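Computed from a predicted structure; not experimentally measured.
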Amino acid sequence: MTDVVDSDELLRRIRRARACAAAERRTWRTRRDELGRTDPAGAGDAAVRELAYEAVLRVLDEILTPGRHPEPD
């Protein structure tokens with residue numbers, strides 16, 4: 001991949017990726033809540049996916065606004 005992008009385009013792409021990750025996190029949270037009553041294994045899988053998207057959001061947030069989140073213990 002040899003595309004060159006300027007800083008504004010890079011920020012747009014990062015913000016788009018963050019919005020996508022936030023939507024996915026909400027989707028998996030909803031799925032976790034729905035499955036929690038009927039399918040504990042499926043709810044566990046959804047919870048893991050939700051946590052994965054949470055990690056992605058934290059990384060993208062740190063890129064967009066450094067220092068926004070406190071350092072983890």
Side-chain angles (χ1 to χ4, degrees):
M1 187 169 183
T2 60
D3 293 343
V4 176
V5 296
D6 63 8
S7 60
D8 289 336
E9 177 62 19
L10 183 59
L11 279 175
R12 278 191 291 277
R13 291 179 185 191
I14 293 170
R15 288 183 179 127
R16 233 181 4 249
R18 193 204 177 284
C20 179
E24 286 294 322
R25 181 184 62 174
R26 285 189 301 272
T27 297
W28 287 107
R29 180 178 293 160
T30 300
R31 188 164 173 83
R32 179 202 67 196
D33 293 343
E34 290 170 353
L35 291 174
R37 295 177 276 271
T38 59
D39 182 6
D45 180 56
V48 169
R49 291 171 189 260
E50 178 190 358
L51 288 173
Y53 280 105
E54 178 66 33
V56 170
L57 282 171
R58 284 182 159 270
V59 169
L60 294 174
D61 281 345
E62 186 63 27
I63 292 169
L64 293 169
T65 53
R68 180 176 175 192
H69 295 286
E71 291 290 321
D73 294 334

query = When clusters are formed by joining ILVMFWY residues with side-chain heavy atoms under 4.5 Å apart, either directly or through shared neighbours, do V59 and W28 land in the same one?
reply = no
query = Can you hop from V48 to L51 via hydrophobic side chains spaced under 4.5 Å?
reply = no
query = Is there a path of hydrophobic side-chain contacts, each under 4.5 Å between heavy atoms of I, L, V, M, F, W or Y residues, that connects I14 with L57?
reply = no
ask   = Can you tell me how far the CG atom of L60 sits from the CZ atom of R13, to the nearest 0.5 Å?
value = 14.0 Å
ask   = Under 3.5 Å, is there a donor-acceptor pair between the side chain of E62 and the main chain of G67?
value = yes
Kindly list each side-chain donor-acceptor pair under 3.5 angstrom involving residues 34-44, sequence neighbours excluded, with atom names and distances?
from, atom 1, to, atom 2, distance (Å)
D39, OD1, A41, N, 3.4
D39, OD1, G42, N, 3.1

ask   = Listed by chain and number, what are the salt bridge (Lys or Arg N to Asp or Glu O under 4.0 Å) partners of D61, not counting sequence neighbours?
value = R18, R68
key: Ion pair check, R12 and D8, cut-off under 4.0 Å   = no
Full working for salt bridge (charged side-chain N to carboxylate O under 4.0 Å, His left out) between R49 and D45 = CA-CA 6 Å; R49 291 171 189 260; D45 180 56; 3.1 Å; yes
T27 side, atom OG1; R32 side, atom CZ - distance, nearest 0.5 Å = 12.5 Å
